[in-house]
Amino acid sequence: MTQPTLQPKEGGHGDHWGCVFRSIDESALLDLIVDVARNDPQPDQFDGGRGMAAHSMEAPMRVCVFVKNRQIASAYPDALGGPVWAITVKELAPWANGVEGQIVGECHGATVAFFDTHFYANGDKYKVGETYNFYMSAFTYIVGRAPDAEVEADMGAKVSLKGARAYMSANLGATQAADVDDYWFHSPIESEVLLAELAGRRLWVYPITLAIPDDFEMSVPLYAAEHAMAPDMAGVQPEDDLEGYLWLQGYLSAED
């Protein structure tokens, strides 16, 4: 693998389960992770057979559990499919556990960073400066209807955010430090809202577009658990604007 430009990070992405489970469900989550690790009949092998990635048999989301040296190393919700983005790799950000990693790059000139859910399998393939196709999805930490707001443009003119497709790093103006794959977003719902389920938890699926650089729609399905949604989310429909914070993830397309 091309030398990463960022130092390995401690920890893992096991702290993202708050996008799906409430904190009071910790015991059920631990039982689920152990069950998936034990019962996947064909887990992915890595690190010369010393590690494995076990998955639940669900779609469009599943549970991914890493077992390394016979111990659970990490686990996270793993979305399948999604729109394909062509991303030029600028930096690789592996985690110290040796199986997880993030990618920092550009999509049609727009800076973007995301958690690579299949880094354990594909991390050795990436070369900085090369462009790859990734399936992209997102889970929301919190989402609600976007308030009517205006921003100041050039020459002091006020521009409405209604219908805008915008995102920025959650570190900008956030009260707590966020990771590189965490974003604030303001986007309208593009089409019909769907329902999906992961580990018995119901999630709403909001099709949104984060930005449109070079006329390319950086679209994702946004997965939202009920506890992550503001009370004003009831009855939202296509063209209503949403605003909140999300965790962006993706994985290498089979075409690359």
Under 4.5 Å between any side-chain heavy atoms of [X] and [Y], yes or no?
{"X": "R62", "Y": "C64", "result": "no"}
{"X": "V34", "Y": "L32", "result": "no"}
{"X": "V89", "Y": "K127", "result": "no"}
{"X": "E106", "Y": "K90", "result": "yes"}
{"X": "V193", "Y": "V205", "result": "no"}
{"X": "M168", "Y": "W184", "result": "yes"}
{"X": "P77", "Y": "W247", "result": "yes"}

Exercise for review: List in chain and number order the residues that pass salt bridge (Lys or Arg N to Asp or Glu O under 4.0 Å) with E190, two or more places apart in sequence or in another chain; answer none if no residue qualifies.
Suggested key: R165
Review point. Listed by chain and number, what are the salt bridge (Lys or Arg N to Asp or Glu O under 4.0 Å) partners of D40, not counting sequence neighbours?
Key: none
In chain order, what residues pass the side chain to side chain donor-acceptor pair (under 3.5 Å) check against [X], with sequence neighbours excluded?
{"X": "H108", "answer": "none"}
{"X": "T131", "answer": "T88"}
{"X": "Y120", "answer": "D44"}

Revision key, fill the gap. Residues at least two apart in sequence or cross-chain that pass side-chain contact (heavy atoms from CB on, under 4.5 Å) with R70, listed by chain then number, are none
What closest approach, in Å, do [X] and [Y] show between heavy atoms, and which atom pair accounts for it?
{"X": "A79", "Y": "Q249", "result": "N-OE1, 2.8 Å"}
{"X": "T140", "Y": "Y245", "result": "OG1-O, 2.9 Å"}
{"X": "L210", "Y": "Y167", "result": "O-CD2, 3.5 Å"}
{"X": "G105", "Y": "I87", "result": "CA-CG2, 4.1 Å"}
{"X": "M136", "Y": "F114", "result": "CE-CG, 3.8 Å"}
{"X": "V36", "Y": "A54", "result": "O-CB, 3.6 Å"}

Check your understanding: Under 3.5 Å, is there a donor-acceptor pair between the W85 and N133 side chains?
Key ->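 Judged by distance alone, the side chains do not pair up.
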**Study point:** Exercise: do H16 and Y141 side chains pair donor with acceptor under 3.5 Å
**Key:**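 A pair is found: one side chain offers a donor N or O, the other an acceptor, under 3.5 Å apart.
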Review point. What ring pair (Phe, Tyr, Trp, His ring centres under 6.0 Å) pairs are there with at least one residue in residues 19-44, not counting sequence neighbours?
Key: W17-F21
Quick check: does any side chain N or O of [X] sit under 3.5 Å from a backbone N or O of [Y], one acting as donor and the other as acceptor?
{"X": "Y223", "Y": "C19", "value": "no"}
{"X": "Y76", "Y": "T117", "value": "yes"}
{"X": "D116", "Y": "H118", "value": "yes"}
{"X": "Y183", "Y": "A113", "value": "yes"}

Review point. When the ring planes of Y126 and F119 are compared, do they come out parallel, tilted or perpendicular, using 30° and 60° as the limits?
Key: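 Aromatic pair Y126/F119 classed tilted.
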Check your understanding: Which other residues belong to the hydrophobic cluster containing L80, where Ile, Leu, Val, Met, Phe, Trp and Tyr are joined when side-chain heavy atoms lie under 4.5 Å apart, directly or via other members?
Key ->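 Via sub-4.5 Å side-chain contacts, L80 links to V84, Y135, Y251.
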Exercise for review: Tell me who clusters with I212, hydrophobic residues only, linked when side chains sit under 4.5 Å apart either directly or through other members.
Suggested key: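 Reading the cluster by chain and number, I212 sits alone, since nothing else belongs.
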Practice item. Can you run down the salt bridge (charged side-chain N to carboxylate O under 4.0 Å, His left out) pairs that involve residues 18-36, sequence neighbours left out, and say none if there aren't any? Key: R22-D25, D25-R201
Practice item. Could you tell me the separation between the CE atom of M57 and the CG atom of N39, rounded to the nearest 0.5 Å? Key: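 Output value for this atom pair is 10.0 Å.
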Check your understanding: Would you say L30 and I72 are hydrophobically clustered, going by side-chain heavy atoms of ILVMFWY under 4.5 Å?
Key -> no
Point to revise | Hydrophobic cluster membership, L195 vs L222, 4.5 Å side-chain cutoff | key: yes
Solution key, residues 214-221 side-chain donor-acceptor pairs under 3.5 Å, sequence neighbours excluded:
{"from": "S219", "atom 1": "OG", "to": "T209", "atom 2": "OG1", "distance (Å)": "2.7"}

Review item, side-chain donor-acceptor pairs of residues 224-238, under 3.5 Å, at least two apart:
{"from": "H227", "atom 1": "NE2", "to": "G18", "atom 2": "O", "distance (Å)": "2.7"}
{"from": "D232", "atom 1": "OD1", "to": "R145", "atom 2": "N", "distance (Å)": "3.2"}

